[in-house]
Amino acid sequence: MIDLRSDTVTRPSKAMLEAMFSAKVGDDVFQDDPTVNTLEEKAAAMLGKEAAIFCPSGTMTNQIAVNLHTRPGDEVICHRNSHVYYYEGGAMMRISGVSVCLLDGERGQIDASGIAAHINPDDVHRPATALVEVENTMNKGGGSVYAYSNLAAIAKVCKANNLRFHLDGARLFNALAETGESALQYSALFDTVSICLSKGLGAPVGSLLLGDKTLVRRARRVRKVMGGGMRQAGYLAAAGIFALENNISRLKEDHTRARYLASVLEKMPYIEQVLPVETNILIFKLGQQFTETEFLSRLKEKDIHALSLGPQSIRFVTHLDFTDSMLMKVEEALYSLKP
Ligand SMILES: *Cc1c(COP(=O)(O)O)cnc(C)c1O
């Protein structure tokens, strides 16, 4: 089976499994798990933050961040299509009782002037703006990458207005692989950063929330409340350490394969538009020859799996387990599709 639905579908490699089997573990709720502690320290050092906390999912790390940075009734500024709003089941409204100010912007990105224009005045009628959230790379924006200068400008607006700034960096390392910027320089702009180990990095489970020591200590309580305190989590953390050490430098391969697929799709008569590919996410629009359901089922007959993002819209995501020989098979399948 060729699975282009998401970069979350990867299975741990033999070497990763060996690292997991040989992990030293303890009870992480007591902070006694040496492998979890090592993972948290390692990630904090890589991103230049004081501390990190290991969580079961990126939804949890994002929602802990929202909870840390807001009080009920406060307002969060983010893009209309951001994962934290669009794909987390309404969690920030439900768990943290916040209001949202949803901005539009090309390829899922928001900018400093748009944010500045939507900070509420100190007026009892209005919710108090407390937090700005951005996503890099931007999933629903087709894996788009923020220019560093835009993020720096947003950070400046946040500082000037006493707002906190959170990065959903589920695919931060994909962004950095393209720009060549350092994780240290990047994360310095944010109060908290969330990264996922279970996406392009190929670990089976896990995300990290990074910030200063005080925030991460508070995050431990919020994680417990959310039911995310895990016990011998070192077996999972070992996969995360392996992912950080071995799977970052190869991310560009996924981007190259996504670009190649885009170049193939461009030539197909049944494709109306291929959105620009910046990282490992490829979104395209079908012409009238196929509906998205027909297209997906025709690919499925060839054991190729993808996702629809809405009417006529299809997403392919490349990843660690998508090889060159699979790429050739997908190319062949795309050429052979006849409406
Ligand atoms: C996958 C993802 C998350 C977290 O998702 P989980 O499935 O909860 O780990 C957060 N943000 C973005 C942009 C993502 O793609």
Side-chain angles (χ1 to χ4, degrees), residues 3-10 12 39 43 52-67 76 78-92 94-96 100 102 105 107-110 131-146 151 165-178 186-187 190 192-210 219 222-223 226-228 230 233 236-237 239-240 243-244 247 251 254-255 258 278-283 306-307 309 315-320:
D3 201 342
L4 290 167
R5 288 174 302 168
S6 173
D7 47 9
T8 55
V9 300
T10 56
L39 171 65
I53 180 168
F54 183 51
C55 293
S57 72
T59 297
M60 189 178 287
T61 48
N62 277 339
Q63 294 304 326
I64 290 174
V66 171
N67 197 263
V76 178
C78 61
H79 194 281
R80 180 176 309 287
N81 293 334
S82 57
H83 197 282
V84 73
Y85 171 73
Y86 193 89
Y87 285 127
E88 298 185 9
M92 51 176 176
R94 180 166 176 165
I95 296 173
S96 296
V100 287
L102 302 174
R107 303 209 20 97
Q109 301 189 6
I110 55 179
L131 172 66
V132 175
E133 188 268 358
V134 294
E135 186 176 316
N136 198 22
T137 66
M138 207 310 172
N139 184 348
K140 221 168 178 301
S144 73
V145 179
Y146 268 92
L151 293 175
F165 194 17
H166 173 68
L167 171 65
D168 177 352
R171 296 185 182 82
L172 174 62
F173 289 106
N174 292 86
L176 297 175
E178 280 307 306
Y186 233 77
S187 56
F190 302 94
T192 46
V193 175
S194 160
I195 60 169
C196 287
L197 302 163
S198 57
K199 303 279 169 82
L201 300 186
V205 175
S207 292
L208 288 149
L209 181 68
L210 300 108
V222 181
R223 184 185 67 175
M226 291 182 177
M230 298 183 285
L236 299 175
L244 291 177
N247 294 343
L251 285 171
D254 298 340
H255 304 176
E278 295 178 54
T279 52
N280 68 329
I281 299 177
L282 165 55
I283 297 176
L307 275 187
L309 286 190
R315 186 183 81 165
F316 286 172
V317 186
T318 57
H319 52 73
L320 191 56

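In this chain, numbering begins with 1 at the start of the sequence shown. Both counts, for ligands and for their atoms, begin at 1 and track the order of listing.
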Worksheet item: With backbone taken as N, CA, C and O and side chain as the heavy atoms from C-beta onward, which portion of N139 lies under 4.0 Å from ligand 1: side chain, backbone, both, or neither?
Response: side chain
Discussion item. For atom 4 (C) of ligand 1, what's the nearest protein heavy-atom neighbour? Residue, atom name and distance, please.
Written reply: G58 CA, 3.4 Å
Worksheet item: So Y186 and N136, side chain to side chain donor-acceptor pair (under 3.5 Å) or not? Walk me through it.
Response: CA-CA 11 Å; Y186 233 77; N136 198 22; 2.8 Å; yes
Worksheet item: Is the side chain of H319 donor-acceptor paired with the backbone N or O of D3 at a distance under 3.5 Å, no angle test?
Response: yes
Worksheet item: Under 3.5 Å, is there a donor-acceptor pair between the E178 and H255 side chains?
Response: yes
Worksheet item: Are side-chain N/O atoms of T192 and H166 paired as donor and acceptor at under 3.5 Å?
Response: yes
Fill in: Nearest neighbour in protein (non-hydrogen) for atom 11 (N) of ligand 1
D168 OD2, 2.6 Å
Practice prompt. Output the list of atoms in ligand 1 that are nearer than 4.0 Å to some heavy atom of T59, sorted by atom number.
Written response: 4 (C), 5 (O), 6 (P), 8 (O)
Worksheet entry | N/O separation below 3.5 Å, T137 to ligand 1 | no
Worksheet item: Please state which protein non-hydrogen atom is closest to atom 13 (C) of ligand 1 and give its distance, to 0.1 Å?
Response: E135 OE2, 3.1 Å
Discussion item. Out of all atoms in ligand 1, which are within 4.0 Å of some heavy atom of K199? Include the element for each.
Written reply: 1 (C), 2 (C), 3 (C), 4 (C), 5 (O), 14 (C), 15 (O)
Worksheet item: Can you tell which part of R171 has a heavy atom less than 4.0 Å from ligand 1: side chain, backbone, both or neither?
Response: side chain
Practice prompt. Verify the contact flag for atom 7 (O) of ligand 1, where contact means a protein heavy atom under 4.0 Å away.
Written response: no
Worksheet item: Is ligand 1 under 4.0 Å from a heavy atom in the side chain of T8, in the backbone, in both, or in neither?
Response: neither
Worksheet entry | S57, portion touching ligand 1 at heavy-atom distance under 4.0 Å | both
Worksheet item: When you look at CZ of R80, are more than 12 heavy atoms from neighbouring residues, nucleotides or ligands closer to it than 6.0 Å?
Response: yes
Practice prompt. Going by the salt bridge (charged side-chain N to carboxylate O under 4.0 Å, His left out) test, name the single residue among K199, R315, R171 that passes it with D7.
Written response: R171
Discussion item. Do the side chains of E278 and R107 get close enough for a salt bridge, i.e. N-O under 4.0 angstrom?
Written reply: yes
Worksheet entry | Pair N67, S96: side-chain N/O donor-acceptor within cut-off below 3.5 Å | yes
